[in-house]
Structure formats: C-alpha cells, structure tokens
Number of protein chains: 2
Amino acid sequence: MTIAEVSEKYDLTQDTLRYYERIGLIPHVNRNKSGIRDYTEEDCKWVEFIKCMRNAGLPIEALIEYVALFQQGDETIGTRKELLIEQRKQLIKRMEDMQKTLERLNYKIESYEQLVVKKEKELKRVEE
Amino acid sequence: MTIAEVSEKYDLTQDTLRYYERIGLIPHVNRNKSGIRDYTEEDCKWVEFIKCMRNAGLPIEALIEYVALFQQGDETIGTRKELLIEQRKQLIKRMEDMQKTLERLNYKIESYEQLVVKKEKELKRVEE
DNA sequence: ACTTGACTTGGTGTTAACTCCAGGTGATAT
DNA sequence: ATATCACCTGGAGTTAACACCAAGTCAAGT
C-alpha cells in the first residue's frame, strides 16, 4: 500500500504518518527500490492500532515504548503486558472522571430545562 | 479568598488562574482597593466547574462561549442549554470511543496473558 | 524608614503534536 | 526528451495551553 492509500484509509495526513514513523510510534515501514514507502498489512494494523489508542488519550510516550518493546522480541512480552495494564488503569480513571462530568452536565441541563419552562410560564402570564 | 488559596484549593497554578481569567474562561474576578484579586464563593465555583469540564476534555472555546453567554444574562439561557447539550453529545461520543478502546485493551492483555502462560509451560518442558 | 513578600501586569518562553516547506529523486505520460 | 507527479528527507513553522519573567505596587513587620 502506498502512503497516499494509508493516509486516505485511516484519515491521517501523510505528514502525520511520516512523523509517527520518525518518532517510533509505528515501526519502520519498508521502502521499495526507489525509496518509497510500501505499507504491509501489518504496518496498516499498527497505524490503526496507534490511531485508536491515541484517540482514547493514551500518551505517545507509552505507545513509543510499547512499539520499541515489541521490536525487541518475545522477551519483552511480560513488560508489554504490564505496560498495557497500567495504561488500561489510567484509561479507566479518565473514563470515571468523564462519567462524573457527564452526570454533572446532565444535572445542569435539567436545571436549565426547569428554568426555560419557568420563563415560558412567566411570559404567558404577561401575555394574558 | 486570595489567589494563593484558590490555587492551593483547586490545584491550579496562579498563572493558570490568571490565564483563565484573561481569556474569559472564568468571569472577571474583583480586586480590592490595592488591585489584588479577591475570589468570591461564586468565583471559586467557576474555577471548580471549569477545571472539571476541562478535565473531561471539553474544548476551551466552548467554555469561553458559555461563560460569555452567562454574563449576558437571562436571555441566553436557551442558548446555554443548547451549548451544554451539544457538549454532552460530544462527551458521550468520546466515552463510547474510549469504551471500545478499553475493550480492545482488555482483549490484548488477555492475549498476552495466554502467551505468558504458554511461554512458562515451554520453559518448564525444557527444564524437565 | 526600610525591607520583605505576596501580589500585579504585560509580555516572552516552552512543549507537544503535528504541519508545512524547499530541494531533490524516480517513474510515468506526452 | 521533457514535463508532471507522487514521493522522499531534513528542517523550520504553527498552535494550544499553559509557564515563566521583569518591573512595579502595596501592606506588614522591624
């Protein structure tokens, strides 16, 4: 796959794809004889995985480390697992915070709803 | 309340508090005769509210608009409600995305667990 | 009276995460 | 043969969201 196709498929700019590769957020992509990137299936999976994780707010640093560990082979399986567990913990924490904020928003919106109803009644009273 | 107390209470630097006020993320705080900020109860509530919303990822832009609407008085109640509803919608979307990522992480961690178990068995076999 | 220390403002610096750009290369269309 | 085009690299530019700083003010302690 060309970089243009990958860019299109995952809605990331070519610059972003090159940037991710440069900083080690995805493994190095092989080039053809003329030096142009040729993304394999696996490269694509990495791109998709990273995009998903970044989208959920996982820190770039942690993901770079994960990729680096992955490239070091099977001895790092335990470490990688621990890393993911830690990130999961933090993700859950963020989600809990967001849940609280959501409830607060719900309450606020309901309060506004009450206010709106009240105002409408007042207006009616004036009209009558 | 002094800025130092508010800073301490909500774990935001004085610089951040001043910055939030400057860009309109919280309403203007009154100063005493000598020009020093004196936060009222209401100011504090704003600080806490904004911190909570920012923490959940609500965009600064939307919050600035909310504060501005608030300061324009009762005619903006409807608009404010709509704004909150829109932000709630986006918050829910983010949470759903994160939920999917969480499930994916769970699956990945489980897979790693399987792998670890397998590797241990292999090692045992070698030892025997 | 003078120093200290917390605060003020206006402005500059920093960091992360892209994003853009200039100059160059190789394959393809005319 | 040459023009076009997609891509390359290294490096500079951008933006958001603060963080830091210099120079000044004011009240309180000694």
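Order of the sequence lines sets the chain letters (A, B, ...), proteins ahead of strands, with each chain counted from 1.
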Measure [atom1]/[X] against [atom2]/[N] and give the value in whole Å, please.
X: A/Arg22; N: D/dC8; atom1: CZ; atom2: P; value: 12 Å
X: A/Leu58; N: C/dA16; atom1: CG; atom2: C1'; value: 16 Å
X: B/Glu61; N: D/dC18; atom1: CD; atom2: P; value: 13 Å
X: B/Ile60; N: D/dA16; atom1: CD1; atom2: P; value: 10 Å
X: B/Leu63; N: D/dC18; atom1: CG; atom2: P; value: 11 Å

Any sub-3.5 Å donor-acceptor pair from B/Thr40's side-chain atoms to B/Glu42's backbone N or O?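 Confirmed, B/Thr40 side chain pairs with B/Glu42 backbone.
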
Does the side chain of A/Glu110 pick up a donor-acceptor pair with the side chain of A/Gln114 at under 3.5 Å?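 No, because no side-chain N or O of A/Glu110 sits under 3.5 Å from a partner of the opposite role on A/Gln114.
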
Test item: side-chain donor near acceptor, B/Thr79 and B/Thr76, under 3.5 Å: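 No pair is found: no donor N or O on one side chain lies under 3.5 Å from an acceptor on the other.
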
Are [X] and [Y] packed together at the side-chain level, in the sense that at least one heavy-atom pair is separated by less than 4.5 angstrom?
X: A/Leu69; Y: A/Lys81; answer: no
X: A/Lys124; Y: A/Glu120; answer: no
X: A/Leu84; Y: A/Gln87; answer: no

Cluster overlap B/Phe49 with A/Leu115, hydrophobic side-chain contacts below 4.5 Å: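 Yes, B/Phe49 and A/Leu115 fall within the same hydrophobic cluster.
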
According to a hydrophobic-cluster definition based on side-chain heavy atoms being under 4.5 Å apart (Ile, Leu, Val, Met, Phe, Trp, Tyr only), do B/Tyr10 and B/Met53 belong together?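 Same cluster.
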
Near-strand residues of residues 23-54 of chain A, defined as heavy-atom separation under 4.0 angstrom from DNA chain C: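 Residues of residues 23-54 of chain A under 4.0 Å from DNA chain C: A/Ser34, A/Arg54.
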
Where along residues 3-15 of chain A does a heavy atom fall under 4.0 Å from DNA chain D?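 Only A/Ile3, A/Ala4, A/Gln14 qualify.
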
Can you see whether A/Tyr39 has A/Lys9 sitting over its ring - NZ or CZ less than 6.0 Å from the centre and within 45° of the normal?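 Judged by the rule, A/Lys9 and A/Tyr39 form no cation-pi pair.
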
OP1 or OP2 of C/dT19 less than 4.0 angstrom from a side-chain nitrogen or oxygen of A/Thr16, does that happen here?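 So the side-chain polar atoms of A/Thr16 do come within 4.0 Å of the phosphate oxygens OP1 or OP2 of C/dT19, strictly under.
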
Using only side-chain N and O atoms of A/Tyr20, determine if any of them is under 4.0 Å from OP1 or OP2 of C/dC18.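 Checking A/Tyr20 against C/dC18: at least one side-chain N or O falls below 4.0 Å of OP1 or OP2.
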
Side chain of A/Arg18 (C-beta onward), nearest among C/dC18, D/dC18, D/dC8: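 Out of C/dC18, D/dC18, D/dC8, the nucleotide with an atom closest to A/Arg18's side chain is D/dC8.
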
